[in-house]
Amino acid sequence: MTIISRIETFLVAPRWLFVRIETESGIVGWGEATCEGRSETVRTAVDQLAELLIGNDALRIEDHWQVMTKGSFYRGGPILASAVSGLDQALWDIAGKHFNTPVHQLLGGHVRDRIRMYGWVGGDEPNEVADQISAQLEVGLTAVKMNASGRMSPVASVAEIDGVIRRVAAAREVLGDHRDVAVDFHGRFSLANARRVAPLLEPYRPFFLEEPVVPENTHLLREFTSSTTTPVSTGERLYSRQEFLPALQAGIAVAQPDLSHAGGITEVRKIASLAEIYDVQLAPHCPLGPLALAACLQVGFATPNFLIQEQSIGIHYNKGAEVLDYVVDKTPLRFVDGHIERLTGPGLGIEIDEAVVRAADKRGHAWRGPVWRHADGAFAEW
């Protein structure tokens, strides 16, 4: 029987929230409901949603998704969507294990044999950027992503703009012509700054420019996409097809839903199908843990319009634990020529080390995002 008997959550370093669903037959599914800086709140939401699942058949994934997302008069938002995401991933993990097949097989079968990966690099100075990129190339990656800047004035100074250009130029020099650098504006730029900087970056051929405006200003996105020939991406803070639709209509080239924020595998598959209508590629956001990464990969293997996958293995801000610390076998998530090869194990395709997770949960974490201010004391986007 695949009747759900127990649901647990685990708050583990560096900043992740894992979800475990157990069935009466003993099949266990895992998911990741991380919402960076708000995972304790999501944990409470998971506990409430568990009331809707326990005692019911785990294989009715679509029905559970509908009830969890629409069963309350007040809907949406990152907290609820993240809670649903982790539970949804775990339900798909159970389904794959029940049928002894990878999740991507349940999604229609694989359309590719491997997925290209990229890593994130930091660095405030051009030489620091170059060093960090070199480190990523040494582990075999062929693409990286970097922040365009730290804090940006609403109308940037010449020095601020030149700093962006110098860092991207340094990245291109290290990468050469056959590897890629994506540039993340991270919602830190005003529209005016974003439009001013984008043409100056075009000679360095960025792979894409990410989140040029904050998500609540999606109505301004077309003004940016029409001002540059560089592909534009966004989506890590959009949580449904309905929220993605205006961005797709505004002319983005790459959609970046987060499988731990945007309703899990069930909703991201639908976002991918919607994006395909607009000739938009999928590149899920994932600076998170192994379960989120495995869920992204399962979607990627079954999605025709899939571009590339973000991952945070070795990222500088994973303090206290690493992505692979929580898996029994690291082999499925190893890089091979800058790619991860098709996962063939049942469910999400990775095995979680439950003892390590339970021990980490006892230690817990209290990760919070920074609060930035400009020189005059006014709040700054980070």
Side-chain angles (χ1 to χ4, degrees), residues 17 19 29-36 42 61-66 68-70 75-96 102-112 115 117 210-211 215 233-248 252-278 280-312 340 343 347-350:
L17 181 68
V19 177
W30 290 87
E32 187 167 342
T34 302
C35 186
E36 302 93 307
V42 176
I61 299 173
E62 179 66 36
D63 185 67
H64 292 319
W65 190 93
Q66 294 290 332
M68 288 190 292
T69 58
K70 301 176 182 178
R75 310 174 181 181
I79 302 302
L80 177 62
S82 296
V84 170
S85 296
L87 290 163
D88 181 81
Q89 291 171 27
L91 291 172
W92 280 103
D93 194 30
I94 289 170
V103 167
H104 65 259
Q105 192 64 41
L106 301 178
L107 297 176
H110 65 284
V111 296
R112 58 180 50 80
I115 287 175
M117 310 298 293
E210 181 174 333
E211 208 174 35
S233 69
T234 197
E236 68 186 75
R237 292 187 279 181
L238 302 176
Y239 311 117
S240 66
R241 284 160 287 167
Q242 289 84 350
E243 292 185 14
F244 266 92
L245 183 58
L248 296 170
I252 64 169
V254 182
Q256 297 175 294
D258 188 310
L259 269 88
S260 287
H261 300 332
I265 292 169
T266 297
E267 179 68 357
V268 170
R269 273 285 283 177
K270 296 171 183 177
I271 291 169
S273 295
L274 178 63
E276 191 174 12
I277 297 173
Y278 289 87
V280 169
Q281 301 298 301
L282 196 75
H285 178 256
C286 189
L288 302 177
L291 290 159
L293 177 56
C296 289
L297 293 168
Q298 294 294 343
V299 169
F301 288 121
T303 299
N305 56 319
F306 196 92
L307 178 65
I308 195 169
Q309 181 57 56
E310 181 177 21
Q311 52 76 39
S312 66
I340 287 181
L343 304 180
L348 293 181
I350 62 171

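Note that this is a predicted model, so its numbers are computed, not measured.
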Taking every non-hydrogen atom, the tightest pair across [X] and [Y]:
{"X": "D93", "Y": "G347", "result": "OD1-CA, 3.4 Å"}
{"X": "G31", "Y": "A90", "result": "N-CB, 3.8 Å"}
{"X": "G264", "Y": "D88", "result": "C-OD2, 3.5 Å"}
{"X": "A255", "Y": "F244", "result": "CB-CE2, 3.8 Å"}
{"X": "Y239", "Y": "G77", "result": "CD1-C, 4.2 Å"}
{"X": "R241", "Y": "L274", "result": "O-CD2, 3.8 Å"}

Within this structure, what is the [atom1]-[atom2] distance for the pair [X] and [Y], rounded to the nearest 0.5 Å?
{"X": "H64", "Y": "T69", "atom1": "NE2", "atom2": "OG1", "answer": "12.5 Å"}
{"X": "I61", "Y": "L91", "atom1": "CD1", "atom2": "CG", "answer": "5.5 Å"}
{"X": "S240", "Y": "L238", "atom1": "OG", "atom2": "CG", "answer": "8.0 Å"}
{"X": "D63", "Y": "T266", "atom1": "CG", "atom2": "OG1", "answer": "11.0 Å"}
{"X": "T234", "Y": "E210", "atom1": "OG1", "atom2": "CD", "answer": "7.0 Å"}
{"X": "I350", "Y": "L343", "atom1": "CD1", "atom2": "CG", "answer": "8.0 Å"}

Give every donor-acceptor pair under 3.5 Å between a side-chain atom in residues 284-296 and any protein atom, sequence neighbours left out.
residue	atom	partner	partner atom	Å
H285	ND1	D258	OD2	2.7
H285	NE2	E236	OE2	3.3

Residues forming a side chain to side chain contact (heavy atoms under 4.5 Å, CB included) with L107, sequence neighbours excluded =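 Counting only residues at least two positions away or on another chain, L107 forms a side chain to side chain contact (heavy atoms under 4.5 Å, CB included) with W92, V103, I265, R269, A302.
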Validation row: L297, F306 side chains within 4.5 angstrom (heavy atoms) =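 L297 does not reach F306 side chain to side chain.
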Would you mind reporting whether L87 and M68 have side-chain heavy atoms less than 4.5 Å apart?
->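 Yes - at least one pair of side-chain heavy atoms lies under 4.5 Å apart.
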Indicate whether any N or O donor in one side chain lies under 3.5 Å from an N or O acceptor in the other, for Q256 and S233.
->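 A pair is found: one side chain offers a donor N or O, the other an acceptor, under 3.5 Å apart.
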Between the side chains of E267 and H261, is a donor N or O closer than 3.5 angstrom to an acceptor N or O?
->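 No, H261 and E267 have no side-chain donor paired with an acceptor closer than 3.5 Å.
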Using only atom types and a distance under 3.5 Å, with no angle test, would you say the side chain of [X] pairs donor to acceptor with the backbone of [Y]?
{"X": "W65", "Y": "G263", "value": "yes"}
{"X": "R112", "Y": "T303", "value": "yes"}
{"X": "S260", "Y": "E32", "value": "yes"}
{"X": "Q89", "Y": "L259", "value": "yes"}
{"X": "Q298", "Y": "H104", "value": "yes"}

How far apart are the C-alpha atoms of V299 and L282, what are their side-chain angles, what is the distance that settles it, and do they pass the side chain to side chain contact (heavy atoms under 4.5 Å, CB included) test?
-> CA-CA 10 Å; V299 169; L282 196 75; 4.2 Å; yes
Could you tell me which residues satisfy salt bridge (Lys or Arg N to Asp or Glu O under 4.0 Å) with E62, sequence neighbours excluded, listed by chain and number?
->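 Result, salt bridge (Lys or Arg N to Asp or Glu O under 4.0 Å) vs E62: K270.
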